[in-house]
S.K.: 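Pasting a structure below so you can have a look.
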Amino acid sequence: MAADRPTDTADNTSSDAPRRLNFVQQIIEDDLRTGKWEGRVATRFPPEPNGYLHIGHAKSICLNFGLARQYNGTCNLRFDDTNPVKEEQEYIDSITADIRWLGFEGPVLFASDYFGQMYTWAVQLIQDGKAYVCDLSAEEVRAHRGTLTAPGTDSPFRNRSVAENLDLFERMRRGEFPDGSRTLRAKIDMASPNMNLRDPAMYRILHAHHPRTGDHWCIYPMYDWAHGLEDSIERITHSICTLEFENHRPLYDWFLDALGIYHPQQIEFARLALNYTVMSKRKLLELVKTKRVSGWDDPRMPTLSGLRRRGVTPESIRTFCADVGVAKFNSTIDVTRLENAVRDDLNKRAPRVMAVLNPLKVVITNYPEGQSEELDAVNNPEDASAGTRRVPFARELFIEAEDFMEDPPRKFFRLGPGREVRLRYAYFITCQEAVKDAAGNITELRCTYDPATRGGDAPDGRKVKGTLHWVSAAHAVDAEVRLYDRLFNVENPDKVEEGQDWKDHLNPESLRTIPAAKLEPNWREAANRASWTDEIARVQFERQGYFALDADTAKAGRPVFNRTVTLKDTWAKIAGK
RNA sequence: GGCGCGCUGGUGUAGCGGCAGCAUCGCGCACUUUGAAUGCGCGGGUGCGGGUUCAACUCCCGCGCGCGCCGCCA
């Protein structure tokens with residue numbers, strides 16, 4: 001099941017086997033069969049540029065762009081920029097870049113380009129007696145709206161004449177009234193059991209500078225009014241959004257029908273939720289603003305830019321989204337599934353390199369001083385075409401401090417006094433002595449090597465339980481390594497108890513920095529043997545995990561690596577017990 | 001209160017009347033110059049009560065429980 005599984009599609013259409021369609025695909029195929037849209041499939045991804053994209057958006061992006069790809073249709077990237085007070089050019093730029101990084105492209109459009117058309121349509125509704133200008137304040141509107149159980153009451157301005165409404169609306173547009181003083185409302189039904197239909201606002205007055213339209217407008221359309229129009233203008237066929245818009249669908253339909261214009265079908269699906277993180281833009285923004293993380297692209301963030309910097313590949317995000325599927329009910333996905341998709345991809349593609357994070361010096365006492373040699377190491381056991389490289393070996397080495405125990409427990413396969421292990425691609429060594437300082441800390445190991453085991457095999461067939469990674473001390477390159485862990489130490493940070501704050505569950509150990517890890521000297525050439533669509537260098541540090549070269553490398557004057565994800569570590573589990 | 005959705009193994013889900021599958025997680029075994037990867041095995045059908053049917057996890061009805069939404073945000 002490994003080799004032939006498509007790893008780069010956003011859908012689950014495997015060529016063989018009966019295809020299992022998700023419910024959206026079913027709707028589309030039914031429509032294709034009945035010719036509902038003349039065989040067209042047109043979707044859109046409509047982010048509001050008020051924050052960075054996160055893994056939850058990736059699901060929607062993969063769905064919308066994936067559907068278009070699958071059915072030979074189109075998918076527009078449409079910025080839903082209808083609220084200038086929250087939106088910024090920075091977000092427009094990051095969203096565009098993130099989508100391209102994820103591997104999708106399509107026309108880039110802006111809702112703000114339709115403001116003129118929307119205005120014309122609003123006038124039409126007024127003329128038809130289906131919209132009116134209301135002078136109630138926000139609080140008064142709330143009071144008139146009624147409650148969950150009680151119907152609302154009509155606004156005293158509900159029955160203004162068409163002429164007066166037209167005049168007032170025009171003056172709203174011209175900027176004659178202050179923010180919040182009036183709204184244009186749809187005349188629907190103040191007694192509707194669906195609160196969304198109790199004369200919802202279509203336009204509010206906002207004297208705000210818009211990133212694209214500047215100061216041309218001082219009235220801005222509300223989502224419910226605008227969204228269907230945007231879809232209609234773009235002749236979208238399937239307008240896919242998340243579950244919370246289900247109650248808005250009657251409104252979506254009402255506006256389009258009242259106007260008598262092209263009418264796409266709105267379909268709702270469950271957004272992605274992941275444990276051990278938060279996904280709301282509000283909370284992510286707060287983490288950024290309060291400096292709990294270094295920015296939107298902090299590698300601990302669930303943002304696409306954070307995941308990218310962390311080293312996660314776009315391919316693995318796409319397979320993850322395909323694996324997760326599309327359903328009509330909310331559920332929380334275990335992050336381990338994301339991590340797994342990442343390991344799966346990286347295992348096949350990442351070149352192996354040896355790096356010692358927590359160095360312990362080893363002296364090979366029977367290896368000649370001043371001598372060194374080069375040993376062959378394979379770059380990727382999963383990919384023969386990756387070839388081999390030469391790794392220098394000498395008398396003084398570093399191994400991982402955790403790979404030695406003075407008094408090893410039964411199941412510990414690594415080095416201990418008198419024990420023999422293999423140094424990967426090098427020799428068998430036996431520990432003769434652990435040298436300690438005055439405080440009793442082990443400062444150095446004195447070992448002997450068996451020259452006959454060069455390359456790592458014993459001619460006499462002798463076996464060894466453990467294989468350690470290592471680096472020649474004289475040849476090692478220092479690197480900064482950033483070890484990341486989950487941002488929160490509880491599964492659901494959104495669920496807070498009385499008197500607690502969601503930020504109380506931030507994991508204090510989500511970042512651990514190692515200033516001077518020891519890398520094998522040819523790490524860069526080794527890493528560059530693989531090519532990545534985003535040109536971020538990624539490697540596996542053998543026995544430890546996958547790491548990505550951070551852009552800070554340039555200013556740090558030494559390589560800086562981010563740990564993307566660890567390797568599975570069954571010893572850690574055993575040791576933890 | 002309304003609308004919508006769900007209730008299958010530890011978890012997340014698939015099946016659209018007759019075989020319960022996938023992923024993940026856990027455990028075990030094999031193999032192994034990454035305790036990695038890989039391969040194999042083990043771990044389930046009830047939310048409750050009715051009905052339709054030769055046959056229901058799948059269809060229908062009622063109940064229960066859970067979740068989501070109800071801003072001059074999107």
Side-chain angles (χ1 to χ4, degrees), chain A residues 1-2 20 22 26 46-48 50-51 80-83 85-87 134 136-139 141-142 145-151 179-185 192-198 200-206 219-220 222-224 226-227 241-250 268 270-271 275 281-282 323-325 327-334 336-337 339-341 343-344 347-348 352 354 377-378 381-382 411-414 421-426 428 453 455-458 463-469 540-545 566-575:
Chain A
M1 109 197 205
R20 34 184 264 268
N22 63 48
Q26 272 178 39
E48 183 190 13
N50 67 345
D80 209 1
D81 53 348
T82 56
N83 184 5
V85 316
K86 289 186 175 177
E87 297 155 9
C134 179
L136 256 26
S137 70
E139 272 131 68
V141 167
R142 211 167 301 131
R145 190 160 32 233
T147 66
L148 274 6
T149 49
D179 288 2
S181 59
R182 284 175 227 263
T183 54
L184 181 71
R185 295 226 259 163
S192 171
N194 182 343
M195 300 274 269
N196 295 129
L197 298 179
R198 319 247 262 228
M202 294 164 60
Y203 277 96
R204 75 285 214 191
I205 300 172
L206 241 38
I219 57 171
Y220 290 93
M222 299 289 294
Y223 172 86
D224 284 313
H227 204 84
C241 59
T242 47
L243 252 27
E244 65 269 28
F245 292 103
E246 236 163 346
N247 287 358
H248 296 243
R249 192 183 344 130
E268 307 85 10
R271 58 153 36 109
N275 56 9
K281 283 197 247 183
R282 200 203 93 229
D323 283 354
V324 159
K328 227 184 302 193
F329 50 91
N330 291 304
S331 62
T332 302
I333 304 299
D334 201 315
T336 60
R337 289 184 65 179
E339 293 169 357
N340 207 277
R343 286 192 188 101
D344 225 49
N347 177 45
K348 282 177 239 145
R352 273 56 166 176
M354 291 197 283
V378 339
E382 303 288 321
K411 295 253 225 21
F412 188 81
F413 300 157
R414 287 113 99 147
V421 297
R422 168 169 42 234
L423 293 182
R424 183 147 228 230
Y425 301 125
F428 284 11
T453 58
D457 276 312
K463 297 285 184 207
V464 101
K465 289 278 259 221
T467 300
L468 312 185
H469 61 276
Q540 182 197 103
F541 289 165
E542 294 230 16
R543 300 211 300 139
Q544 309 208 86
T566 61
L567 252 31
K568 285 191 182 164
D569 188 351
T570 54
W571 166 246
K573 250 183 331 210
I574 297 168

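Please read all numbers here as calculations on a predicted model, not as lab measurements. Just so it is clear: chains get the letters A, B, ... in the order the sequence lines come, proteins before strands, and each one is counted from 1.
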S.K.: How far does the P atom of B/A20 sit from the matching atom of B/C42, given to the nearest Å?
M.R.: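 Those two atoms are separated by 14 Å.
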
S.K.: Among the candidates B/U34, B/C72, B/A37, find the nucleotide nearest to the side-chain atoms of A/Ala201.
M.R.: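 Ranking B/U34, B/C72, B/A37 by closest atom to the A/Ala201 side chain puts B/C72 first.
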
S.K.: Measure from the side-chain heavy atoms of A/Arg145 and tell me the nearest of B/U34, B/C72, B/C16.
M.R.: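 Minimum distance to the A/Arg145 side chain belongs to B/C72.
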
S.K.: Taking atom P of B/A74 as reference, at what distance in whole Å does atom CG of A/Leu243 sit?
M.R.: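 Answer to the nearest Å: 20 Å.
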
S.K.: Looking across every strand, which nucleic acid part, if any, lies under 4.0 Å from A/Thr183 by heavy atom: base, sugar-phosphate, or nothing?
M.R.: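 Since a base atom lies under 4.0 Å of A/Thr183, the category is base.
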
S.K.: Consider the side chain of A/Lys573, meaning its heavy atoms from C-beta on, and name the nucleotide among B/G26, B/G2, B/A74 that approaches it most closely.
M.R.: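 Comparing B/G26, B/G2, B/A74 against the side chain of A/Lys573, the answer is B/G26.
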
S.K.: Using both distances under 3.5 Å as the test, list the Watson-Crick or G-U wobble partner of B/U52, or none.
M.R.: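 Across all strands, not a single nucleotide pairs with B/U52.
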
S.K.: Would A/Lys86 and A/Glu48 pass as an ion pair if we require N to O under 4.0 Å?
M.R.: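 No salt bridge links A/Lys86 with A/Glu48.
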
S.K.: What distance, rounded to whole Å, do you find between the two P atoms, one in B/G2 and one in B/G15?
M.R.: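 The same atom, P, in both gives a distance of 30 Å.
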
S.K.: Using a heavy-atom cut-off of under 4.0 Å over every strand shown, decide if A/Arg198 touches base, sugar-phosphate, or nothing.
M.R.: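 Nothing, no nucleic acid heavy atom in range.
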
S.K.: For B/A74, which nucleotide in any strand shown is its Watson-Crick or wobble partner with both distances under 3.5 Å?
M.R.: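 For B/A74, the partner nucleotide comes out as none, under the 3.5 Å rule.
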
S.K.: Give the rounded distance in Å between these two atoms: NE2 of A/His227 and P of B/G71.
M.R.: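 Rounding to the nearest Å, NE2 of A/His227 and P of B/G71 are 19 Å apart.
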
S.K.: Side-chain contact test, heavy atoms from C-beta onward, threshold under 4.5 Å: evaluate it for A/Thr82 versus A/His227 and give yes or no.
M.R.: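 With C-beta onward as the side chain, the pair stays apart.
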
S.K.: Hey, is the side chain of A/Arg249 poking within less than 4.0 Å of OP1 or OP2 on B/C69, counting only N and O atoms?
M.R.: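 For A/Arg249, the contact criterion (side-chain N or O under 4.0 Å from OP1 or OP2 of B/C69) is not met.
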
S.K.: Nearest to the side chain of A/Glu246, heavy atoms from C-beta on, is which of B/C72, B/C73, B/G4?
M.R.: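 Closest nucleotide among those given: B/G4.
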
S.K.: For a quick check of understanding: with a heavy-atom distance under 4.0 Å over all strands, which category does A/Glu542 fall into, base, sugar-phosphate or nothing?
M.R.: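 The answer is base, as A/Glu542 lies within the cut-off (heavy atoms under 4.0 Å) of a base atom.
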
S.K.: Taking only the side-chain nitrogens and oxygens of A/Arg204, find out if one of them lies under 4.0 Å from OP1 or OP2 of B/A74.
M.R.: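 Answer yes for this pair, as a side-chain N or O of A/Arg204 is under 4.0 Å from OP1 or OP2.
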
S.K.: When all nucleic acid strands are considered with a 4.0 Å heavy-atom cut-off, which category describes A/Lys411: base, sugar-phosphate, or nothing?
M.R.: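 Since a base atom lies under 4.0 Å of A/Lys411, the category is base.
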
S.K.: Check this for me: does the side-chain of A/Arg337 come within 3.5 Å of the base of B/U24 through a donor and an acceptor?
M.R.: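 No.
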
S.K.: Give A/Arg271 one of three labels, base, sugar-phosphate or nothing, depending on what nucleic acid heavy atoms sit under 4.0 Å from its own.
M.R.: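 Answer is nothing: A/Arg271 stays at 4.0 Å or more from every strand.
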
S.K.: Identify whether any heavy atom of A/Arg352 sits under 4.0 Å from a base atom; if not, whether one sits that close to sugar-phosphate; answer base, sugar-phosphate or nothing.
M.R.: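 Here A/Arg352 touches the bases of the nucleic acid.
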
S.K.: Let me spell it out: for each of A/Gln544 and A/Glu139, pick the nucleotide of RNA chain B with the closest heavy atom. Which residue's pick is nearer the 5' end?
M.R.: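 Upstream on the strand: A/Gln544.
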
S.K.: Rounding to an integer number of angstrom, what distance separates B/C60 and B/G68 when you compare their P atoms?
M.R.: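 Those two atoms are separated by 26 Å.
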
S.K.: Report yes if a side-chain nitrogen or oxygen of A/Thr82 is closer than 4.0 Å to either non-bridging phosphate oxygen (OP1 or OP2) of B/A74; otherwise report no.
M.R.: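 For B/A74, OP1 or OP2 has a side-chain N or O of A/Thr82 closer than 4.0 Å.
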
S.K.: So what's B/C63 paired with, Watson-Crick or G-U wobble, going by both distances under 3.5 Å?
M.R.: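 The answer is B/G47, by the H-bond criterion.
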
S.K.: Figure out the CD/C1' separation between A/Glu268 and B/C5, and round it to whole Å.
M.R.: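 To the nearest whole Å, that distance equals 11 Å.
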
S.K.: Any luck finding a side-chain donor-acceptor pair between A/Glu139 and A/Ser137 under 3.5 Å?
M.R.: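 No, no side-chain donor-acceptor contact under 3.5 Å.
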
S.K.: Rounding to a whole Å, what distance do you find between A/Asp323:CG and B/A14:P?
M.R.: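 Going from A/Asp323 (CG) to B/A14 (P), I get 14 Å.
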
S.K.: Using a 4.0 Å heavy-atom cut-off, does A/Met354 contact any base of the nucleic acid, only the sugar-phosphate backbone, or nothing at all?
M.R.: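 Answer is nothing: A/Met354 stays at 4.0 Å or more from every strand.
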
S.K.: How is A/Leu136 classified with respect to the nucleic acid when contacts are heavy atoms under 4.0 Å: base, sugar-phosphate, or nothing?
M.R.: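 Contact class for A/Leu136: base.
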
S.K.: Heavy atoms only, 4.0 Å cut-off, all strands: where does A/Gly180 land among base, sugar-phosphate and nothing?
M.R.: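 Answer is base: heavy atoms of A/Gly180 come under 4.0 Å of a base.
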
S.K.: If the P atom of B/C7 is compared with that of B/G12, how far apart are they to the nearest Å?
M.R.: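 My reading of the P atoms in B/C7 and B/G12 gives 11 Å.
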
S.K.: Heavy atoms under 4.0 Å, any strand shown: does A/Asn50 hit a base, just sugar-phosphate, or nothing?
M.R.: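 Nothing, no nucleic acid heavy atom in range.
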
S.K.: State which of B/U34, B/C25, B/C70 makes the closest approach to the side chain of A/Pro381.
M.R.: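 Out of B/U34, B/C25, B/C70, the nucleotide with an atom closest to A/Pro381's side chain is B/U34.
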
S.K.: So which nucleotide does B/G15 pair with, by the Watson-Crick or G-U wobble rule with both distances under 3.5 Å?
M.R.: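 Partner of B/G15: none.
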
S.K.: Let's test this: given Watson-Crick or G-U wobble pairing with both distances under 3.5 Å, identify the partner of B/U32.
M.R.: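 Matched B/U32 with nothing under the 3.5 Å cut-off.
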
S.K.: Say we look at B/A14 and B/U58: how far apart would their P atoms be, to the nearest angstrom?
M.R.: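 Pairwise P distance, B/A14 against B/U58, rounds to 15 Å.
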
S.K.: Where the side chain of A/Arg424 is defined as all heavy atoms beyond and including C-beta, which of B/U34, B/G12, B/C73 is the nearest nucleotide?
M.R.: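 That would be B/U34.
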
S.K.: Could you give the distance from CG (A/Leu468) to CG (A/Leu423), rounded to the nearest 0.5 Å?
M.R.: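 Reported value, rounded in 0.5 Å steps: 6.0 Å.
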
S.K.: With the side chain of A/Asn347 defined as its heavy atoms from C-beta on, choose the nearest nucleotide among B/C69, B/A14, B/A37.
M.R.: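 Of B/C69, B/A14, B/A37, B/A37 is nearest to the side chain of A/Asn347.
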
S.K.: Using a heavy-atom cut-off of 4.0 Å across all strands, would you classify A/Ser137 as base, sugar-phosphate, or nothing?
M.R.: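 It contacts base atoms.
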
S.K.: Looking at every strand, decide which applies to A/Phe245 at a 4.0 Å heavy-atom threshold: base, sugar-phosphate, or nothing.
M.R.: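 Base, at least one base heavy atom under 4.0 Å.
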
S.K.: Kindly say whether A/Asn247 contributes a backbone atom to a donor-acceptor pair with the side chain of A/Asn194 at under 3.5 angstrom?
M.R.: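 Side chain of A/Asn194 to backbone of A/Asn247: a pair is present.
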
S.K.: Which nucleotide sits closest to the side chain of A/Gln26: B/A74, B/U38, B/C16?
M.R.: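 Nearest to the side-chain atoms of A/Gln26, counting from C-beta on, is B/C16.
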
S.K.: Find the distance A/Asp457:CG to B/U32:C1' and express it as a whole number of Å.
M.R.: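 Atom-to-atom, A/Asp457 to B/U32, this comes out as 12 Å.
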
S.K.: Separation of A/Met202 atom CE from B/C73 atom P, in whole Å?
M.R.: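 Roughly 15 Å, once rounded to whole Å.
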
S.K.: Between B/G9 and B/G49, how far apart are the C1' atoms? Round to whole Å, please.
M.R.: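 B/G49 and B/G9 have their C1' atoms separated by 25 Å.
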
S.K.: A/Arg343 has an atom CZ; how far is it from atom C1' of B/A36, in whole Å?
M.R.: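 Between C1' of B/A36 and CZ of A/Arg343: 10 Å.
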
S.K.: Using a cut-off of less than 4.0 Å, is there contact between a side-chain N or O of A/Asn340 and OP1 or OP2 of B/U24?
M.R.: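 So the side chain of A/Asn340 is within the cut-off, an N or O lying under 4.0 Å from OP1 or OP2 of B/U24.
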
S.K.: Check whether any side-chain nitrogen or oxygen of A/Lys463 sits under 4.0 Å from OP1 or OP2 of B/U32, and answer yes or no.
M.R.: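 Checking A/Lys463 against B/U32: no side-chain N or O falls below 4.0 Å of OP1 or OP2.
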
S.K.: Can you tell me how far CD of A/Glu542 sits from CD of A/Gln540, rounded to the nearest 0.5 angstrom?
M.R.: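 Interatomic distance, A/Gln540 CD to A/Glu542 CD, rounded to 0.5 Å: 5.5 Å.
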
S.K.: Decide yes or no, distance alone: a donor-acceptor N/O pair under 3.5 angstrom between the base of B/U34 and the side-chain of A/Gln540.
M.R.: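 Indeed, a donor on one side and an acceptor on the other fall under 3.5 Å apart.
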
S.K.: For atom C1', what is the distance between B/C59 and B/U53, given to the nearest Å?
M.R.: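 My reading of the C1' atoms in B/C59 and B/U53 gives 10 Å.
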
S.K.: Considering every strand and a 4.0 Å limit on heavy-atom distances, what is the contact class for A/Pro47: base, sugar-phosphate, or nothing?
M.R.: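 Result for A/Pro47 = nothing.
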
S.K.: Using the rule given for side chain to side chain donor-acceptor pair (under 3.5 Å), can you reason through A/Asp334 versus A/Thr336, listing the C-alpha separation, both sets of side-chain angles and the distance that settles it, and then say yes or no?
M.R.: CA-CA 5 Å; A/Asp334 201 315; A/Thr336 60; 3.1 Å; yes

S.K.: Between A/Lys568 and A/Gly456, just flag the one whose closest nucleotide in RNA chain B comes earlier from the 5' side.
M.R.: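 Closer to the 5' end of RNA chain B: A/Gly456.
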
S.K.: Rounded to the nearest Å, what distance is computed from the CG atom of residue A/Asn22 to the C1' atom of nucleotide B/C16?
M.R.: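 The answer, rounded to whole Å, is 15 Å.
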
S.K.: Please classify the nucleic acid contact of A/Phe412 as base, sugar-phosphate, or nothing, using heavy-atom distances under 4.0 Å.
M.R.: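 Since a base atom lies under 4.0 Å of A/Phe412, the category is base.
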
S.K.: Heavy atoms from C-beta onward define the side chain here; which of B/A36, B/C69, B/G1 lies closest to that of A/Glu382?
M.R.: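 For A/Glu382, the side-chain atoms sit closest to B/A36.
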
S.K.: Mind checking the C1' distance from B/G47 to B/U38? Whole angstroms is fine.
M.R.: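 Pairwise C1' distance, B/G47 against B/U38, rounds to 41 Å.
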
S.K.: Could you please name the option among B/U38, B/G1, B/C73 that lies closest to any side-chain atom of A/Glu48?
M.R.: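 Shortest atom-to-atom distance from the side chain points to B/C73.
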
